[in-house]
Trainee: 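I have a structure I would like to understand better, so I am pasting it below and will then ask my questions one at a time.
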Amino acid sequence: MSDNATTLPLERISVNALKVVKRLTGHGFEAYLVGGCVRDLILGRSPKDFDVATNAHPEEVRDIFRNSRTVGRRFRIVHIRFGRDIVEVATFRSAHKEIDENTHTNDGRILDDNIYGTFQEDAYRRDFTMNALYYNIDTAEIIDLVNGLDDIKANRIRLIGEPDNRYREDPVRMLRALRFKAKLGFDLDEQTGSSIHHLGYLLQDIPPARIFEEVLKLFMSGHGVATLEAMLEYDLFGWLFPSTRRVMDDTLAEKLIHLALASTDRRIANDMPVTPAFIFAALLWYPFIEDKKRLEEEGVAHVEASHAAAANVIGNQQLFTSIPRRFSGPMRDIWNLQFRLPIRYGRKPEILVTHKRFRAAYDFLLLREESGEKLDELGQWWTDFQEADEDARRKLKLQTTDKKKRKRNRKRRSNHDRMSANSYPP
Ligand code: ATP
Ligand code: MG
């Protein structure tokens with residue numbers, strides 16, 4: 001055991017987490033801060049939440065804290081609530097070194113991980129060395145059984161144990177590796193990285209609901225662009241979004257997704273709200289458009305094709321990541337409005353700007369243009385329209401009708417020229 005006397009800045013540690021640790025140790029239990037919060041404190045970052053590890057069993061923790069409840073299907077963890085702040089307390093668990101028929105599937109995944117263990121076992125069952133550091137508040141010591149401190153100093157993400165086994169036990173660790181790479185700007189240790197290239201298929205066995213939760217963390221934690229790049233580099237993207245991956249080489253999909261994530265990252269940096277609906281609209285726009293095209297070529301009319309394509313694409317995607325209805329609805333709205341934005345005569349534009357999803361649809365339109373779609377300056381037109389007074393709006397609408405007329409006239413003229421050229425050879 002290598003003890004380390006790096007004192008962590010007490011003022012950055014949540015008062016509530018301190019309270020929880022003190023109460024547990026006061027009752028004679030062992031309790032430590034652990035995981036991401038210790039890692040982030042060492043890196044001089046502010047942790048987003050605090051986890052506590054203890055030898056007290058969940059029922060014992062519950063007895064000590066009235067403001068607590070047990071959560072988790074996979075593991076039983078106690079949430080202790082202080083207003084809006086929650087401290088997670090987990091009992092030491094074992095590492096599942098041997099593949100046990102009752103707790104593992106044939107491919108080695110953990111089915112029942114709710115088995116308590118010793119402090120040592122708890123350290124080794126964690127994913128990366130940088131996430132297996134424990135902080136003893138009383139002695140101000142970091143306990144590091146896995147050389148995590150060295151890895152943090154070297155900006156290195158390293159799985160504890162044998163990477164292939166650890167990924168087989170829980171394939172989501174591959175996504176976590178890339179998420180931390182993007183968030184911390186660390187590199188993956190050689191084997192921690194190389195194994196991912198050939199194990200991505202294991203993600204197919206993870207329940208879509210868990211993958212969806214993970215996708216939110218991947219794309220909505222402020223480092224979406226870097227995460228996307230890592231997912232493409234390590235060949236994981238296609239296992240989560242197969243229909244998108246298939247159209248990526250022949251469309252502007254990658255550009256569009258990149259821009260959507262960049263905009264999401266910017267919004268998060270500025271404390272502005274973000275929604276998965278917008279990101280999923282970008283992720284699945286080209287699969288949707290391609291399917292709609294296919295249906296229209298088969299003779300299906302626009303409205304119906306659009307409806308059916310959305311249902312197909314969302315239905316397919318839900319085999320991989322769930323998409324709760326509260327997001328798939330707004331996502332369809334964003335798509336459908338794309339076909340209404342070009343229609344600008346009469347009162348249509350005034351009505352459209354009052355649509356509850358207009359703003360998102362307009363933002364989406366701007367991204368489509370920025371990604372390289374040729375849309376005849378439609379985005380600029382809507383920008384102008386929103387800023388214009390009634391008179392200027394009338395003029396803007398005239399422009400579009402004028403342009404149409406001009407185009408029609410040009411067409412007529414050239415037909416006429418062609419015809420006259422035919423009838424009157426020079
Ligand atoms: P974040 O900053 O995103 O909260 P974190 O490291 O705290 O990062 P959590 O998902 O909050 O991540 O998990 C807390 C700790 O639990 C991790 O640091 C790690 O030690 C352990 N852990 C989480 N998920 C896994 C997993 N799939 N396999 C093994 N250990 C895990
Ligand atoms: Mg955490």
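Just so you know, ligand 1 is whichever comes first in the structure, and atom 1 is the first atom listed for that ligand. None of these values were measured; they are calculated from a predicted model. Start at 1 with the first residue, then count along the sequence.
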Trainee: Determine whether the side chain, the backbone, both or neither of D170 has a heavy atom under 4.0 Å from any heavy atom of ligand 1.
Mentor: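 For D170, the contact with ligand 1 is made by the side chain alone.
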Trainee: Can a non-hydrogen atom of F180 be found less than 4.0 Å from any atom of ligand 1?
Mentor: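 Yes, F180 has heavy atoms under 4.0 Å from ligand 1.
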Trainee: What residues form a ring-ring contact (aromatic ring centres under 6.0 Å, His included) with H57, not counting sequence neighbours?
Mentor: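 Listed in chain order: Y116.
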Trainee: Please state whether the rings of W239 and Y201 are parallel, tilted or perpendicular, taking 30° and 60° as the class boundaries.
Mentor: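 The arrangement is perpendicular - the two ring planes meet at more than 60°.
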Trainee: Counting only nitrogen or oxygen atoms and a 3.5 angstrom limit, does R166 reach ligand 1?
Mentor: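 It does not: no N or O of R166 is found under 3.5 Å from an N or O of ligand 1.
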Trainee: Backbone or side chain, does any N or O of K217 fall under 3.5 Å from an N or O of ligand 1?
Mentor: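 It does not: no N or O of K217 is found under 3.5 Å from an N or O of ligand 1.
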Trainee: Students often mix this up, so state it plainly: with edges at 30° and 60°, are the rings of F128 and F180 parallel, tilted or perpendicular?
Mentor: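 Rings of F128 and F180: perpendicular, over 60°.
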Trainee: Determine, using heavy atoms of D49 and all atoms of ligand 1, whether some pair is separated by less than 4.0 Å.
Mentor: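 The answer is yes, since D49 has a heavy atom less than 4.0 Å from ligand 1.
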Trainee: May I ask you to say whether E169 pairs ionically with R166, meaning some side-chain N is under 4.0 Å from a carboxylate O?
Mentor: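 Yes.
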Trainee: For R179 and ligand 1, answer yes if some heavy atom of the residue is under 4.0 Å from a ligand atom, otherwise no.
Mentor: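 Flag set, R179 near ligand 1.
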Trainee: If you count the atoms of ligand 1 from 1 in the order shown, which ones are under 4.0 Å from a heavy atom of R173?
Mentor: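 Near R173, the atoms of ligand 1 are 26 (C), 27 (N), 28 (N), 29 (C).
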Trainee: Considering only residues two or more places apart or on different chains, which pairs with a residue in residues 368-387 satisfy ring-ring contact (aromatic ring centres under 6.0 Å, His included)?
Mentor: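 Residue pairs with at least one partner in residues 368-387: F358-W382, W381-F385, W382-F385.
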Trainee: Tell me the contacting part of D51 for ligand 1: side chain, backbone, both, or neither, using a 4.0 Å heavy-atom threshold, strictly below.
Mentor: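 Near ligand 1, D51 shows its side chain, while the N, CA, C and O stay back.
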Trainee: I'd like to know whether ligand 1 has R176 as a neighbour, heavy-atom separation below 4.0 Å.
Mentor: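 Contact check R176 vs ligand 1: positive.
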Trainee: Sort and list the pairs that fulfil side-chain hydrogen bond (donor to acceptor under 3.5 Å, both in side chains) and have at least one residue in residues 215-230, not counting sequence neighbours.
Mentor: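 Checked against side-chain hydrogen bond (donor to acceptor under 3.5 Å, both in side chains) - neighbours excluded - the pairs reaching residues 215-230 are E229-H258.
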Trainee: Answer yes if the side chains of S195 and D164 hold a donor-acceptor pair under 3.5 Å, and no otherwise.
Mentor: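 Yes, D164 and S195 have a side-chain donor paired with an acceptor closer than 3.5 Å.
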Trainee: Between T354 and E350, do the side chains contain a donor N or O and an acceptor N or O under 3.5 Å apart?
Mentor: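 Distance-only check fails for E350 and T354.
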Trainee: Hey, which protein N/O/S atoms does the Mg ion (ligand 2) have under 2.8 Å?
Mentor: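 Near the Mg ion (ligand 2), below 2.8 Å, one finds D49 OD1.
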Trainee: Between the side chains of D384 and K395, is the shortest nitrogen-to-carboxylate-oxygen separation below 4.0 Å, so that they form an ion pair?
Mentor: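 Looking at D384 together with K395, the answer is no, because their closest N to O distance does not fall below 4.0 Å.
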Trainee: Salt-bridge test for E190 and R156: reply yes if a basic N is under 4.0 Å from a carboxylate O, no otherwise.
Mentor: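 Judged by the 4.0 Å cut-off on N to carboxylate O distance, E190 and R156 do not form a salt bridge.
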Trainee: Identify, by atom number and element, the atoms of ligand 1 in contact range of K183, meaning under 4.0 Å from any of its heavy atoms.
Mentor: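 Near K183, meaning under 4.0 Å from one of its heavy atoms, ligand 1 has 2 (O).
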Trainee: Please work out whether the ring planes of F288 and W335 are parallel, tilted or perpendicular, with thresholds of 30° and 60°.
Mentor: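 F288 vs W335 ring planes: parallel.
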Trainee: Could you check whether any side-chain N or O of N136 sits under 3.5 Å from a backbone N or O of A140, counting only pairs where one atom can act as donor and the other as acceptor?
Mentor: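 Not at all, since once roles are kept as given, no pair shorter than 3.5 Å links the two residues.
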Trainee: Would you mind listing which atoms of ligand 1 come within a distance below 4.0 Å of any non-hydrogen atom of G35?
Mentor: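 What qualifies from ligand 1 is 18 (O).
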Trainee: Output the list of atoms in ligand 1 that are nearer than 4.0 Å to some heavy atom of K48, sorted by atom number.
Mentor: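 Ligand 1 atoms under the 4.0 Å threshold to K48: 1 (P), 2 (O), 3 (O), 4 (O).
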Trainee: Pull out every atom of ligand 1 sitting under 4.0 Å from any heavy atom of G36, numbered as shown with elements.
Mentor: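 Selected atoms, number and element: 5 (P), 6 (O), 7 (O), 18 (O).
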